[in-house]
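This report concerns only the one structure given below.
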Protein chains: 2
Amino acid sequence: MQRESAPVKITTRDRILNAAIARFSRHSYEATGLRDIAADVGIDVAYVHRSFGSKERLFAAAVEASLQPERFFAGAKADLATDLTNHVLARDPVRDADEIAPLDIVVHSLSSPEAASVLREVVVRNFITPLANKLEMSSQTPASLIASLLLGVGILRSVLGVAPLCDADRAALQQMLAEQVASLCAAKPQEPQVAAAPASVGVEAEA
Amino acid sequence: MQRESAPVKITTRDRILNAAIARFSRHSYEATGLRDIAADVGIDVAYVHRSFGSKERLFAAAVEASLQPERFFAGAKADLATDLTNHVLARDPVRDADEIAPLDIVVHSLSSPEAASVLREVVVRNFITPLANKLEMSSQTPASLIASLLLGVGILRSVLGVAPLCDADRAALQQMLAEQVASLCAAKPQEPQVAAAPASVGVEAEA
DNA sequence: AGAACAGGTCAACAACTGTTGATATAAGTC
DNA sequence: GACTTATATCAACAGTTGTTGACCTGTTCT
C-alpha cells in the first residue's frame, strides 16, 4: 500500500457504472436491462441492482457522470460554437460505433417516463444553465435552442441514422452547424417583446 | 344507405389506428403496450395485434398516417419557416396536453431499435426530401438540419419539459426559431468544399 | 477465536410483454 | 338451410423485466 498516490482501487461499483454508461449511451432506457449490464461486468444481476438501489438511480448516476459541464465549457468563449458542434459531430455514428461521446447518453436513452424525468433536471443544470452563463445571457432560451439543435442532430445522425447527415461532408456539415450555433450565441437577450406580431420570416432562396 | 356520400363506415381497424396514433404520440414505442391501445378502443388485445400483423407494423401505419408531407408543405415557400415553427410550437406541451400534433409521434416514440428503423425511412421520405424539394435544393443536408432543430425543440419542450422552452414567450421563441430555420433555408447548396479548414466560427457576444 | 461486515451469488417472485391457436358470433352469398 | 368471410373473444404461451430474501465468502476488527 502506497502512501502518497491514491489507491486507484477500481471497485465493482465503478465497473457497473461504466458498463451502465456504455449501455445507456447506445440503447434506450427501456431497452437496457440490468442483466445486460451485469453480464458486461461479469457479475450477478442482483448485485448491480443493489449497488445503486434501483434501475432509475443507476441511470441517474450514469447521466450525471456523462454530462459533466466542464467537458463542454472548458474552452474559450470564442471557440464555443466550434467546440459544441465538434462534440456532436466528432464521432462518426457508423464508423466509430464503439466510441462513446458524453452526449450520447442523452440522445439514446430518451423517451420513457422514468428516463425523461431524470434527464429533465440534469440537462438544464449541467448543460443549458452553464451554457447561458458562459454566454453571459440572462435568458436561457437561446441556450435551450442550441441544446435543441445539437440534440436533434445527434438523434437524426446516430439514432435514426438519417443519410444526409451521416454521409455529408464533415467539414461542410460542421461549418453549417457552427454557423447556426454561433448565430444563436449572438441572439439578443430580448425582453418578452410586448406587441410585435409573430412577423412571418421570409425565406430568400437566393443567398 | 345513401348513394352519393361515401359510406364513412368507421371500421374497428380505423379506431385501432387512431388509438395507436394517440398512444405513440404521447409515450415511447416501448412504453406503449398493445393492451393499452386495445383498452382505449374497448376490444381485446388479440384483435389489435391481428388487425395489423404485429406491433411494429401498427406503429409503421401510425407514423405513416401522422407524418403526411402535405400537412407541412402546403403553404407558400415564403411562409415555410413560419409554418414549420408553428407546427412545433403550436401546441403548448403543458396546457394543451390532450391535443396531438402530427410531429408528436416522431418526437415521443423515439429510441428503440424497432421504432428507429421505422422512423429512419419515413422521416427522410415524408419530411426531409419534400422539404429539400420545396427549397429547390440538391443537397438534403440543410433540410436535415432544419429537421434536427425542430425535432430537438420538440423533444426538449414536450418530452423533457425543459423550462426555458416551455415557459418562454411564444412570440419571442417563434421569432428566434423561425430566424434559424430561415437561415438554414437560405443555406448555399455548397459543394463538398475541397480544402477549406473547419474554420472556427467565432461568437460575437455583442450583436 | 469470534463478531461484524462488505462483497457477491442463487433462485425465485410477480408483473408484464407480444404473439398464437382455438373458438364464437354475425352477416352476406349460394 | 348451408357455406364462407369478416369480426371479435378467450385463454394461454414463452420470454422478458426489475426486484427481493436467503445465503455464502472472504476480510477486518476486537
Side-chain angles (χ1 to χ4, degrees), chain A residues 1-3 7-24 26-63 108-118, chain B residues 1 3 7-24 26-63 108-119:
Chain A
M1 263 223 231
Q2 289 149 307
R3 263 277 181 89
V8 267
K9 179 101 165 267
I10 301 174
T11 66
T12 308
R13 198 174 189 276
D14 293 335
R15 296 168 60 217
I16 293 174
L17 184 60
N18 287 333
I21 292 174
R23 285 277 172 183
F24 285 127
R26 270 189 260 278
H27 311 288
S28 80
Y29 175 81
E30 321 213 39
T32 299
L34 295 187
R35 281 166 177 84
D36 302 326
I37 297 172
D40 289 347
V41 181
I43 57 171
D44 193 89
V45 210
Y47 195 61
V48 23
H49 180 268
R50 285 199 150 79
S51 300
F52 288 84
S54 74
K55 181 186 182 180
E56 189 168 348
R57 279 210 284 274
L58 171 56
F59 176 64
V63 173
H108 283 93
S109 66
L110 261 172
S111 205
S112 100
E114 296 103 319
S117 72
V118 170
Chain B
M1 264 220 226
R3 261 278 179 88
V8 266
K9 180 98 164 272
I10 300 174
T11 65
T12 308
R13 197 174 189 276
D14 291 335
R15 296 167 60 217
I16 294 174
L17 184 61
N18 287 332
I21 291 174
R23 285 276 172 184
F24 285 127
R26 270 188 260 276
H27 312 286
S28 79
Y29 175 82
E30 321 212 39
T32 300
L34 295 187
R35 281 168 177 83
D36 302 326
I37 297 171
D40 289 347
V41 181
I43 57 171
D44 193 88
V45 210
Y47 195 62
V48 22
H49 180 267
R50 285 199 150 77
S51 299
F52 288 85
S54 75
K55 182 186 184 182
E56 190 169 347
R57 279 210 284 275
L58 170 56
F59 175 64
V63 174
H108 283 93
S109 67
L110 260 174
S111 205
S112 102
E114 295 102 319
S117 71
V118 170
L119 288 176

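Every chain is numbered from 1 and lettered A, B, ... according to where its sequence line falls, protein lines coming before strand lines.
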field: Ring geometry between B/Phe24 and B/Tyr29 (parallel below 30°, tilted from 30 to 60°, perpendicular above 60°)
entry: parallel
- request: Look at all strands and tell whether B/Thr12 reaches a base, only sugar-phosphate, or nothing, counting heavy atoms closer than 4.0 Å.
  value: sugar-phosphate
- line: Whole-Å distance, B/Lys55 NZ to C/dG18 P, equals 4 Å
Distance in angstrom units between A/Leu58 CG and D/dT17 P, rounded: 15 Å
statement: Between CG of A/Asp14 and P of C/dG7 the distance, given in whole Å, is 11 Å
query: Hey, are the side chains of B/Ser51 and B/Thr12 touching, using non-hydrogen atoms and a 4.5 Å cut-off?
result: no
message: If I take atom CZ in residue A/Arg15 and atom C1' in nucleotide C/dG7, what distance separates them, rounded to the nearest angstrom?
response: 12 Å
query: Rounded to the Å, how far apart are A/Ile37 CD1 and D/dT19 C1'?
result: 15 Å
- request: Report yes if at least one side-chain N or O of A/His49 is closer than 4.0 Å to OP1 or OP2 of D/dT19; otherwise report no.
  value: yes
- prompt: If you check the A/Ala46 side chain, which of C/dA11, C/dG18, D/dT9 turns out closest?
  reply: C/dA11
message: Just verifying a value: how many Å separate B/Ser109 OG and B/His27 NE2, rounded to the nearest 0.5 Å?
response: 12.0 Å
task: Classify the nucleic acid contact of A/Ser51 as base, sugar-phosphate or nothing, counting any heavy atom under 4.0 Å across all strands shown.
output: nothing
- prompt: Can you tell if the side chain of B/Ile43 reaches within under 4.5 Å of the side chain of B/Ile16, non-hydrogen atoms only?
  reply: yes
- prompt: Do the side chain of B/Arg23 and the main chain of B/Ile37 share a donor and acceptor less than 3.5 angstrom apart?
  reply: no
task: In whole angstrom, give the distance that lies between atom CD of B/Glu56 and atom C1' of C/dT17.
output: 15 Å
- prompt: For the side chain of B/Arg35 and the base of C/dG18, is some donor closer than 3.5 Å to an acceptor across the two?
  reply: yes
- line: In whole angstroms, the gap separating P of D/dG21 from CG of A/Asp44 amounts to 16 Å
field: Spacing between B/Arg13 atom CZ and D/dT7 atom C1', to the nearest angstrom
entry: 13 Å
field: Presence of donor-acceptor pair under 3.5 Å, side chain of B/Arg50 and base of C/dG21
entry: yes
